[in-house]
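These notes concern the structure reproduced below.
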Amino acid sequence: MARPFNVTEIEEKWQARWADEGTYQVDNDDPRERFYALSMYPYPSGSAHQGHVRIYTFGDVVVRYQTMLGKAVLSPFGFDSFGLPAENAAIKAGSHPRVFTEDRMKELKASLLRLGAVYDWRREVTSHDPKYMRWSQAIFIAFFNAGLAYRAEAAVNWCPGCGTVLANEQVLSDGTCERSGDLVERRNLEQWFFKITDYAEELLRNLDTLDWPQRVVTMQRNWIGRSEGVEFDLPFANDRSKAIRVYTTRPDTGFGVTYAVIAPEHPLLEELTTAEQRDGVQALVERASKESEVVRTSTSEGGIALEKRGAFTGSYVINPFTDEQVPVYVADYVLGTYGTGAIMAVPGEDERDFAFASVYGLPVVHTTQPPEGFEGGAYSGDGAHINSDFLNGLDVAEAKTKAAEYLAEHANGIWKVNYRLRDWLVSRQRFWGCPIPIIYCDVHGTVPVPDDQLPVLAPDDVVMDKSGQSPLATHDAFRNTTCPICGGPARRETDTMDTFCDSSWYFLRYADPWTDGKAFDPAEAAKWMPVDQYVGGIEHAILHLLYARFYLKALDDLGWAPGLPREPFTRLFSQGMIRLSGSKMSKSKGNLVAPQEYYDFVGADGLRLFHLFAGPPADDFDWNDQTDEIIEGCGRFLDRFYRLTQYHEVNFHDGVDEGDVEVRRAVHRTILRVTEEFEGWSHNIAVAALMELFNTVSKWARSDHGAERTTLDEAIDAMLKMLAPMSPHVTAEIWEMRYPDKLTVHRQAWPVADPELVKHSTITMVIQINGKVKARLEVPPDISMADAETEALEVNAINVALAGATPKRIVSRPPRLVNIIV
RNA sequence: GGGGGCGUAGCCCAAUUGGCAGAGGCAAGGCGCUUAAACCGCCUCAAGUGAGGGUUCGAGUCCCUCCGCCCCUACCA
């Protein structure tokens, strides 16, 4: 593209100036109103792609816009620099993950700097920086000391491809690893967990207070999965002193319980299994023990046939409602980790139970009257109870209460809240992560590494392979240590922490990165927290956001965060994904579009403008063959704007006339619109409004009649200011040409619309007959209903159209419309 | 199976939240500029809103059914 100005030159000039002058550095004691603008820190994957450009453009617009509103804006940046890809790449390349990672960081930083996004680089945080690790580990130890971090043997998700345990969240719905795509296996291992379930209720409740996208709130709510129900006993038929404890959300269906099911790992299974059934039960248990939870709980096609998924134990329990014996089955779809690991089965009201009962020939009793014409097997809706003795006639809610009372009296029943949320498994059998700072002593057991020995750093001379053990486990010099208590021989923990631990508190460190003796000084962090605007991808809707919320609450309860809010992110914006011809753009798919060529093509300003203009920021954007032309159009708009500001093609006249007034109105209406669209995250419309204003101003200024100088100056200045957060380089350059002695455009105040000028002097009122537009009329905006109707009926075209007919009814919505019904 | 979103001009997208279907851009076409082309400037073009039904004076917007695409979630008792 032939440009009217030297894009590269001015971009380099302004980027250098922002860096040299520290324009967007803020100090913690800045007297202005504070605003914390945060974009999720990236995993350093190498040079930037369009997804990066998109998120960091949005973030930068927030920073510059809020600054122009007069606030001290905290705009930090850093890198989520631990993680598996670096380790895998290093194994392949025979290098060290640190070398690999730091190279990639440099690369990403450079290509992001070319975007012109501004940060306070003094506050940079990187996960693998020993100074940061020291506090990641200190937090782990604080959690450990408070009982929030614990070690337990657990059936965990094991990914053979990655050679590590995964969190539930990292297992996809088809039972494969989100990263490698391998089928996840189940293994029993000693693992570290964080007790996030202690916070389930608060994590759920506070969701209502957050200004977050509804779908993210919904996803978190579903993930936490709160349910209310009753826990009670099903006594053994042959020994009523013993019982299986079950959990149900539908105690009202108790009269329909025709069997019970326990999980394969249930402690009572052995006792309940009779000799005749032993083989069948054992086969099932064996198979289930190898399946991942996801596979176990999947009934979709390709799953294991229901016939093979359950087995009769040979025993019976008593239904406390009917006092009748019902058989006990074991089935893999009942999980040992949820509720009590055993259920009462109600095939009449539960579809899973119905399907199971159908296969195993178990009786079905309906206890809720299904609506007429109901054809399914199980009816789970509301209705009057039937076949239920003292519950008959009650609806579900009433029956639940009454059934719970009955169970409390007859079966040790208690109301109980259950959550789908599990404790967070944080151990990773990998090298490139933050080592878990724990020492195992034969005498003193599990001992945290003393504070003065933090951070625990992994040695560099480690052999990395995919054996399945942590590479650190085979490094004797690291592994063998002494007990901090007795000085005797001891072993270090060789697992590392989930990288989500690193990203769960980085925003606190940003607020106070200079503190040495603490993770952060709460008084300093409180000056910025909570984050006013968080910007990031929807892919973090559950994991990162939930963990970070948990960390802050836990830190507060440990006394680390007095004066800080318990919710870290007040407002969240999740930008849409960029897809390439329909499929998600990602490094693993190899379909990235590099921004580099576009920096050369339309410059950072043009590329930024494109990302803001291409569509609603929250929507996905499909990158296709025509995208380049849209980008070019954005560059062209900046060119046109630049040319206009040179005033070469403008005719001037003296004195303000009608045309000037109209232009001023357009300017102020645009200010109002752009401000609104910025606040509402509709930058695409803000850009369109600016283009519209440009067209108006340009046409007027270039007309023979020409422009009045001060009006045109006002229009150009307002446009420069509004465009400044979006296309910062060219606007800064033009502003400097116009006002060499003033502060830069980015230090100017955001323009404010004059309410008088925003008002319309007249409005076009539409006159319809039977809903069809027959005439238009210019009316004052405050026209009364009576006047509107009178004037409408006086219009000639209306009288002609009416042809003498008498209106049956007139609907008026002044000043917009009058509809005459005949 | 459950939950959510989307469908407007050849394309990307607007539409004061129930009130004239069009703001902006891209593409296409025409004219001007030019020796010519590019650039640039001006102008023109286009859909009745996925389909059908309903409510209403009036529906892109609200309700129902269906079609298509996308996302999330998936036996949590």
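In what follows, every heavy atom counts, from backbone to side chain, and hydrogens, waters and symmetry copies are set aside. Letters A, B, ... are given to chains in the order of the sequence lines, protein chains preceding strands, and every chain is numbered from 1.
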Let me know the distance between [atom1] of [X] and [atom2] of [N], rounded to the nearest Å.
X        : N     : atom1 : atom2 : result
A:Arg309 : B:C75 : CZ    : C1'   : 8 Å
A:Asp622 : B:C71 : CG    : P     : 12 Å
A:Met344 : B:C76 : CE    : P     : 14 Å
A:Phe694 : B:C42 : CZ    : C1'   : 13 Å
A:Ile542 : B:U73 : CD1   : P     : 5 Å
A:Leu693 : B:G24 : CG    : C1'   : 12 Å

Short side-chain N/O contact from [X] to OP1 or OP2 of [N], under 4.0 Å:
X        : N     : answer
A:Arg673 : B:U16 : no
A:Asn684 : B:C12 : no
A:Arg636 : B:C26 : yes
A:Thr627 : B:C12 : no

Q: Indicate yes or no: does A:Arg579 engage A:Asp622 in a salt bridge with an N to O separation below 4.0 Å.
A: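 Answer for the salt bridge query: no.
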Q. Quick one: do A:Glu676 and A:Arg673 make a salt bridge, cutoff under 4.0 Å?
A.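 Looking at A:Arg673 together with A:Glu676, the answer is no, because their closest N to O distance does not fall below 4.0 Å.
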Q.
Rounding to an integer number of angstrom, what distance separates B:U49 and B:U44 when you compare their C1' atoms?
A.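 Comparing C1' positions in B:U49 and B:U44 gives a spacing of 23 Å.
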(Q) Using the C1' atom as the point on both nucleotides, what is the distance between B:A59 and B:U8, in whole Å? (A)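 My reading of the C1' atoms in B:U8 and B:A59 gives 14 Å.
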Q: Look at the aromatic rings of A:His683 and A:Phe58 and report parallel, tilted or perpendicular, splitting at 30° and 60°.
A: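 Plane angle under 30°, so parallel.
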(Q) Looking at the base of B:G19, is there any donor atom on it, or on the side chain of A:Arg813, that sits under 3.5 Å from an acceptor on the other one? (A)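 Flag set: donor-acceptor pair detected.
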Q: Please evaluate the base of B:C76 for a donor-acceptor partner in the side chain of A:Arg352 within a cut-off of under 3.5 Å?
A: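 Absent.
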My understanding is that a pair needs two contacts under 3.5 Å, Watson-Crick or G-U wobble. By that rule, which nucleotide pairs with [N]?
N     : value
B:A28 : B:U44
B:C75 : none
B:C6  : B:G68

Q: Counting heavy atoms from C-beta on, name the nucleotide in B:G41, B:G19, B:C26 closest to the side chain of A:Arg702.
A: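 Output: B:G41.
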Q) Considering only side-chain heavy atoms of A:Gln768, which listed nucleotide, B:C70, B:G19, B:G24, is closest? A)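 For the A:Gln768 side chain, the nearest candidate turns out to be B:G19.
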